[in-house]
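Worth saying up front: this structure is predicted, and the values here are computed from it rather than measured. Order of the sequence lines sets the chain letters (A, B, ...), proteins ahead of strands, with each chain counted from 1.
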Amino acid sequence: MFKIATWNVNSLRVRLEHVRQWLAAEQPDVLALQETKLPDEAFPRQAIEEAGYQAAFAGQRTYNGVAVLSRRTGTPFADEIPGFRDPQRRVLAVRFGAVDVINLYVPNGSQVGSDKYAYKLEWLRALHAWIAELLQSGRHLLVLGDFNIAPEDRDVHDPLAWEGQVLVSPAERAALGKLIEAGLVDCFRLFEQADGCYSWWDYRARAFRRNHGVRIDLLLADRTLAKQCKTCRIDVGPRKLQQPSDHAPVIGEFALQGTDFALS
DNA sequence: ATGGTGGCGCGGCCA
(Lines give C-alpha, C1' and ligand atoms only; values in the text may rest on other atoms or scores of the structure.)
Protein backbone atom coordinates (compact mmCIF):
# COMPACT_ATOMS: atom_id res chain seq x y z
CA MET A 1 0.00 0.00 0.00
CA PHE A 2 1.20 3.46 -0.92
CA LYS A 3 0.31 6.07 1.69
CA ILE A 4 0.41 9.77 0.84
CA ALA A 5 -0.64 12.82 2.85
CA THR A 6 -0.87 16.59 2.66
CA TRP A 7 -0.51 19.04 5.54
CA ASN A 8 -0.36 22.81 5.67
CA VAL A 9 1.92 23.25 8.70
CA ASN A 10 1.89 27.08 8.91
CA SER A 11 5.64 27.34 9.63
CA LEU A 12 7.76 24.20 9.55
CA ARG A 13 10.10 25.79 12.09
CA VAL A 14 7.33 25.98 14.69
CA ARG A 15 5.71 22.66 13.70
CA LEU A 16 8.84 20.53 13.19
CA GLU A 17 8.24 18.34 16.24
CA HIS A 18 4.58 17.85 15.30
CA VAL A 19 5.68 16.75 11.84
CA ARG A 20 8.32 14.37 13.21
CA GLN A 21 5.87 12.83 15.66
CA TRP A 22 3.25 12.47 12.96
CA LEU A 23 5.68 10.82 10.52
CA ALA A 24 6.66 8.32 13.19
CA ALA A 25 3.03 7.52 13.99
CA GLU A 26 1.61 7.40 10.45
CA GLN A 27 4.67 6.43 8.41
CA PRO A 28 3.38 7.76 5.07
CA ASP A 29 5.42 7.08 1.94
CA VAL A 30 5.03 10.73 0.94
CA LEU A 31 4.07 13.85 2.90
CA ALA A 32 3.41 17.11 1.04
CA LEU A 33 3.86 20.21 3.20
CA GLN A 34 2.65 23.75 2.59
CA GLU A 35 3.46 27.08 4.23
CA THR A 36 6.88 25.96 5.40
CA LYS A 37 7.80 29.69 5.55
CA LEU A 38 11.51 28.88 5.36
CA PRO A 39 14.19 29.80 2.83
CA ASP A 40 15.91 26.73 1.40
CA GLU A 41 19.09 27.38 3.40
CA ALA A 42 17.09 27.09 6.62
CA PHE A 43 15.24 23.88 5.71
CA PRO A 44 15.64 21.32 8.56
CA ARG A 45 16.97 18.62 6.25
CA GLN A 46 18.85 16.79 8.96
CA ALA A 47 15.85 16.54 11.29
CA ILE A 48 13.76 15.17 8.41
CA GLU A 49 16.44 12.67 7.40
CA GLU A 50 16.75 11.51 11.01
CA ALA A 51 13.03 10.74 10.81
CA GLY A 52 13.75 8.49 7.82
CA TYR A 53 12.66 10.81 5.00
CA GLN A 54 14.18 12.49 1.96
CA ALA A 55 13.17 16.10 1.41
CA ALA A 56 12.63 18.17 -1.71
CA PHE A 57 11.69 21.78 -1.09
CA ALA A 58 10.89 25.08 -2.74
CA GLY A 59 11.23 27.54 0.08
CA GLN A 60 10.55 31.20 0.71
CA ARG A 61 11.14 33.40 3.71
CA THR A 62 8.05 34.46 5.76
CA TYR A 63 5.37 33.36 3.28
CA ASN A 64 4.45 30.26 1.28
CA GLY A 65 7.06 27.53 0.77
CA VAL A 66 6.34 23.88 -0.08
CA ALA A 67 8.16 20.60 0.51
CA VAL A 68 7.74 16.94 -0.39
CA LEU A 69 9.02 14.42 2.15
CA SER A 70 9.36 10.83 1.01
CA ARG A 71 10.79 7.50 2.06
CA ARG A 72 12.10 6.89 -1.46
CA THR A 73 14.07 9.41 -3.43
CA GLY A 74 11.91 11.10 -6.03
CA THR A 75 12.87 13.31 -8.94
CA PRO A 76 11.70 16.92 -8.63
CA PHE A 77 10.62 18.18 -12.05
CA ALA A 78 8.80 21.48 -11.46
CA ASP A 79 8.78 24.23 -8.85
CA GLU A 80 6.47 26.46 -10.85
CA ILE A 81 3.48 26.03 -13.11
CA PRO A 82 5.17 25.91 -16.55
CA GLY A 83 4.74 29.24 -18.31
CA PHE A 84 3.47 30.99 -15.18
CA ARG A 85 6.35 32.95 -13.67
CA ASP A 86 5.77 33.47 -9.98
CA PRO A 87 8.19 34.51 -7.23
CA GLN A 88 5.83 32.88 -4.70
CA ARG A 89 6.86 29.31 -3.88
CA ARG A 90 3.59 27.40 -4.12
CA VAL A 91 4.36 24.42 -6.35
CA LEU A 92 6.59 21.38 -6.08
CA ALA A 93 6.19 18.41 -8.42
CA VAL A 94 8.14 15.22 -7.78
CA ARG A 95 8.16 12.09 -9.94
CA PHE A 96 8.08 8.69 -8.23
CA GLY A 97 8.22 6.01 -10.91
CA ALA A 98 5.06 6.29 -13.01
CA VAL A 99 3.39 8.66 -10.55
CA ASP A 100 3.78 12.43 -10.55
CA VAL A 101 3.09 13.95 -7.14
CA ILE A 102 2.12 17.62 -7.46
CA ASN A 103 2.15 19.54 -4.20
CA LEU A 104 0.18 22.81 -4.30
CA TYR A 105 -0.37 25.79 -2.06
CA VAL A 106 -3.12 27.54 -3.99
CA PRO A 107 -3.33 31.31 -3.31
CA ASN A 108 -5.85 32.23 -0.63
CA GLY A 109 -7.43 35.08 -2.60
CA SER A 110 -7.99 37.36 0.40
CA GLN A 111 -11.30 38.91 -0.71
CA VAL A 112 -13.52 38.33 -3.72
CA GLY A 113 -12.76 41.09 -6.21
CA SER A 114 -9.33 41.94 -4.81
CA ASP A 115 -6.03 41.83 -6.71
CA LYS A 116 -5.14 38.68 -4.75
CA TYR A 117 -8.40 37.08 -5.85
CA ALA A 118 -7.60 37.87 -9.49
CA TYR A 119 -4.14 36.33 -8.98
CA LYS A 120 -5.76 33.21 -7.52
CA LEU A 121 -8.01 32.79 -10.55
CA GLU A 122 -5.11 33.38 -12.98
CA TRP A 123 -3.03 30.87 -11.05
CA LEU A 124 -5.83 28.29 -11.23
CA ARG A 125 -6.24 28.89 -14.97
CA ALA A 126 -2.54 28.21 -15.54
CA LEU A 127 -2.72 25.16 -13.25
CA HIS A 128 -5.56 23.71 -15.29
CA ALA A 129 -3.59 24.03 -18.53
CA TRP A 130 -0.64 22.22 -16.95
CA ILE A 131 -2.69 19.43 -15.36
CA ALA A 132 -4.71 18.86 -18.55
CA GLU A 133 -1.49 18.55 -20.53
CA LEU A 134 0.02 16.05 -18.08
CA LEU A 135 -3.16 13.96 -18.10
CA GLN A 136 -3.36 14.01 -21.88
CA SER A 137 0.23 12.79 -22.07
CA GLY A 138 -0.79 9.79 -19.98
CA ARG A 139 0.99 10.65 -16.74
CA HIS A 140 -0.45 9.30 -13.52
CA LEU A 141 -1.07 12.16 -11.11
CA LEU A 142 -1.59 12.68 -7.41
CA VAL A 143 -2.38 16.38 -7.00
CA LEU A 144 -2.63 17.39 -3.38
CA GLY A 145 -2.28 20.32 -1.07
CA ASP A 146 -4.02 23.36 0.34
CA PHE A 147 -6.43 24.32 -2.47
CA ASN A 148 -8.04 27.17 -0.54
CA ILE A 149 -11.33 26.09 -2.14
CA ALA A 150 -14.13 24.17 -0.43
CA PRO A 151 -15.59 22.03 -3.23
CA GLU A 152 -19.22 21.90 -2.06
CA ASP A 153 -21.51 23.32 0.60
CA ARG A 154 -21.20 20.11 2.63
CA ASP A 155 -17.49 21.02 2.99
CA VAL A 156 -18.42 24.20 4.88
CA HIS A 157 -19.72 24.33 8.46
CA ASP A 158 -22.12 27.21 7.72
CA PRO A 159 -22.67 27.57 3.98
CA LEU A 160 -25.08 30.49 4.39
CA ALA A 161 -22.57 32.51 6.41
CA TRP A 162 -19.87 31.72 3.84
CA GLU A 163 -21.97 32.32 0.73
CA GLY A 164 -20.06 34.26 -1.92
CA GLN A 165 -16.93 34.54 0.24
CA VAL A 166 -13.43 33.61 -0.81
CA LEU A 167 -12.85 29.80 -0.57
CA VAL A 168 -16.39 29.08 -1.80
CA SER A 169 -17.13 31.68 -4.51
CA PRO A 170 -18.60 30.34 -7.77
CA ALA A 171 -15.54 31.29 -9.85
CA GLU A 172 -13.20 29.39 -7.52
CA ARG A 173 -15.45 26.33 -7.47
CA ALA A 174 -15.72 26.47 -11.26
CA ALA A 175 -11.91 26.48 -11.51
CA LEU A 176 -11.75 23.40 -9.28
CA GLY A 177 -14.54 21.84 -11.34
CA LYS A 178 -12.44 22.26 -14.47
CA LEU A 179 -9.60 20.31 -12.85
CA ILE A 180 -12.05 17.54 -12.00
CA GLU A 181 -13.43 17.55 -15.57
CA ALA A 182 -9.89 17.29 -16.91
CA GLY A 183 -9.69 13.90 -15.20
CA LEU A 184 -9.02 14.23 -11.48
CA VAL A 185 -11.05 12.72 -8.64
CA ASP A 186 -11.53 14.09 -5.10
CA CYS A 187 -10.44 10.96 -3.21
CA PHE A 188 -12.11 11.99 0.04
CA ARG A 189 -15.53 11.70 -1.59
CA LEU A 190 -14.87 8.19 -2.88
CA PHE A 191 -15.76 6.96 0.59
CA GLU A 192 -18.57 7.35 3.05
CA GLN A 193 -17.63 10.14 5.44
CA ALA A 194 -19.24 11.53 8.57
CA ASP A 195 -20.96 14.91 8.34
CA GLY A 196 -18.86 17.87 9.42
CA CYS A 197 -15.45 16.70 8.19
CA TYR A 198 -13.16 19.68 7.73
CA SER A 199 -9.41 20.28 7.31
CA TRP A 200 -9.03 23.93 8.37
CA TRP A 201 -10.37 25.85 11.32
CA ASP A 202 -9.64 29.51 12.04
CA TYR A 203 -7.46 30.10 15.10
CA ARG A 204 -9.98 32.68 16.24
CA ALA A 205 -13.28 32.39 18.07
CA ARG A 206 -12.68 28.81 19.28
CA ALA A 207 -13.50 27.63 15.79
CA PHE A 208 -11.93 24.18 16.20
CA ARG A 209 -13.71 23.41 19.46
CA ARG A 210 -16.99 24.30 17.76
CA ASN A 211 -15.97 22.47 14.56
CA HIS A 212 -16.47 25.65 12.57
CA GLY A 213 -14.27 24.50 9.71
CA VAL A 214 -14.01 24.07 5.98
CA ARG A 215 -12.53 21.28 3.86
CA ILE A 216 -9.97 23.00 1.65
CA ASP A 217 -7.08 20.52 1.80
CA LEU A 218 -7.57 17.99 -0.96
CA LEU A 219 -6.09 14.83 -2.43
CA LEU A 220 -6.93 14.47 -6.12
CA ALA A 221 -5.96 11.48 -8.25
CA ASP A 222 -6.27 10.69 -11.93
CA ARG A 223 -9.10 8.25 -12.69
CA THR A 224 -6.82 5.21 -12.89
CA LEU A 225 -5.17 5.90 -9.55
CA ALA A 226 -8.51 6.84 -8.00
CA LYS A 227 -9.75 3.29 -8.71
CA GLN A 228 -6.84 2.05 -6.62
CA CYS A 229 -7.55 4.40 -3.69
CA LYS A 230 -8.48 2.30 -0.66
CA THR A 231 -8.92 4.95 2.04
CA CYS A 232 -8.98 8.72 2.41
CA ARG A 233 -9.44 10.51 5.69
CA ILE A 234 -8.64 13.66 7.64
CA ASP A 235 -6.58 13.26 10.83
CA VAL A 236 -7.79 15.90 13.28
CA GLY A 237 -5.34 14.66 15.93
CA PRO A 238 -2.58 17.20 15.25
CA ARG A 239 -5.11 20.07 15.37
CA LYS A 240 -5.71 19.18 19.05
CA LEU A 241 -2.07 19.56 20.08
CA GLN A 242 -0.55 22.53 21.88
CA GLN A 243 0.39 25.31 19.44
CA PRO A 244 -1.09 23.50 16.42
CA SER A 245 -1.21 24.31 12.76
CA ASP A 246 -4.63 25.64 11.79
CA HIS A 247 -4.85 22.77 9.22
CA ALA A 248 -5.15 18.99 9.73
CA PRO A 249 -3.43 16.38 7.55
CA VAL A 250 -5.36 14.54 4.83
CA ILE A 251 -4.22 10.97 4.14
CA GLY A 252 -4.88 8.57 1.28
CA GLU A 253 -3.84 4.96 0.71
CA PHE A 254 -3.47 3.41 -2.75
CA ALA A 255 -3.01 -0.21 -3.75
CA LEU A 256 -0.84 0.81 -6.74
CA GLN A 257 -1.20 -2.57 -8.46
CA GLY A 258 0.30 -3.13 -11.89
CA THR A 259 3.75 -2.83 -13.35
CA ASP A 260 3.21 0.86 -14.13
CA PHE A 261 3.31 1.55 -10.42
CA ALA A 262 6.43 -0.30 -9.33
CA LEU A 263 7.87 2.68 -7.49
CA SER A 264 11.51 1.66 -7.70
C1' DA B 1 -18.65 42.04 16.30
C1' DT B 2 -15.00 44.90 9.72
C1' DG B 3 -13.48 41.77 15.47
C1' DG B 4 -11.14 37.54 16.75
C1' DT B 5 -5.63 34.46 16.74
C1' DG B 6 -1.19 33.08 15.03
C1' DG B 7 3.49 33.48 12.33
C1' DC B 8 7.01 36.41 11.00
C1' DG B 9 9.89 39.76 12.74
C1' DC B 10 9.69 44.10 15.09
C1' DG B 11 5.50 47.48 11.99
C1' DG B 12 2.40 45.59 9.37
C1' DC B 13 1.23 41.93 6.26
C1' DC B 14 -0.92 37.61 5.48
C1' DA B 15 -4.02 33.92 6.44
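Note: CD (A:Q165) to P (B:dA15) measures 15 Å, nearest angstrom. Rounded to whole Å, the distance from OH on A:Y119 to C1' on B:dA15 is 14 Å. A straight line from CD of A:E35 to C1' of B:dC14 spans 8 Å, rounded to a whole angstrom. One atom, CG of A:N108, and another, P of B:dC14, lie 11 Å apart when rounded to the nearest Å. Rounded to whole Å, atom P of B:dA1 lies 14 Å from atom CG of A:D158. Atom-to-atom, CG of A:N64 to P of B:dC8 comes out at 13 Å; the value is rounded to the nearest Å. Atom NZ of A:K120 is separated from atom C1' of B:dA15 by 11 Å (rounded to the nearest Å). Atom pair A:Q34:CD and B:dC14:C1' shows a separation of 16 Å (rounding to whole Å applied).
Comparing the P positions of B:dC10 and B:dT5 gives an interatomic distance of 23 Å, to the nearest angstrom. Annotation: B:dT2 and B:dC8 have their C1' atoms spaced 24 Å apart (nearest Å). Taking atom C1' in both B:dG11 and B:dA1, the straight-line distance is 25 Å, to the nearest Å. Distance noted for atom P between B:dG9 and B:dG4: 24 Å (whole Å).
Counting side-chain heavy-atom gaps under 4.5 Å among Ile, Leu, Val, Met, Phe, Trp and Tyr, A:L160 is found in no cluster with other residues.
When heavy atoms are screened at a 4.0 angstrom cut-off, A:R206 is found touching no nucleic acid atom at all. Across all strands shown, A:Y105 has heavy atoms under 4.0 Å from sugar-phosphate atoms exclusively, and none from any base.
Among residues two or more places apart in sequence or in another chain, the ring pair (Phe, Tyr, Trp, His ring centres under 6.0 Å) test is passed with A:H18 by none. With sequence neighbours excluded, the residues that form a salt bridge (charged side-chain N to carboxylate O under 4.0 Å, His left out) with A:E80 are A:R89. Listed by chain and residue number, A:R204 satisfy the salt bridge (charged side-chain N to carboxylate O under 4.0 Å, His left out) test with A:D202 (two or more places apart in sequence, or in another chain). Annotation: ring pair (Phe, Tyr, Trp, His ring centres under 6.0 Å) contacts of A:H128 (sequence neighbours excluded): none.
Under the 30°/60° scheme for interplanar angles, the aromatic rings of A:W162 and A:W200 are found to stand perpendicular.
Side-chain contact between A:F254 and A:M1 is absent, with no heavy atoms from C-beta onward closer than 4.5 Å.
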Please write out each protein N/O paired with an N/O of nucleotides 4-7 of chain B under 3.5 Å, distance rounded to 0.1 Å.
unit_1: B:dG4; atom_1: N7; unit_2: A:R204; atom_2: NH1; d: 3.3
unit_1: B:dG4; atom_1: O6; unit_2: A:R204; atom_2: NH1; d: 3.1
unit_1: B:dG7; atom_1: OP1; unit_2: A:R15; atom_2: NH1; d: 3.0
unit_1: B:dG7; atom_1: OP1; unit_2: A:R15; atom_2: NH2; d: 3.4
unit_1: B:dG7; atom_1: O3'; unit_2: A:S11; atom_2: OG; d: 3.4

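Nearest-nucleotide positions on DNA chain B for A:P107 and A:R61 put A:R61 closer to the 5' end.
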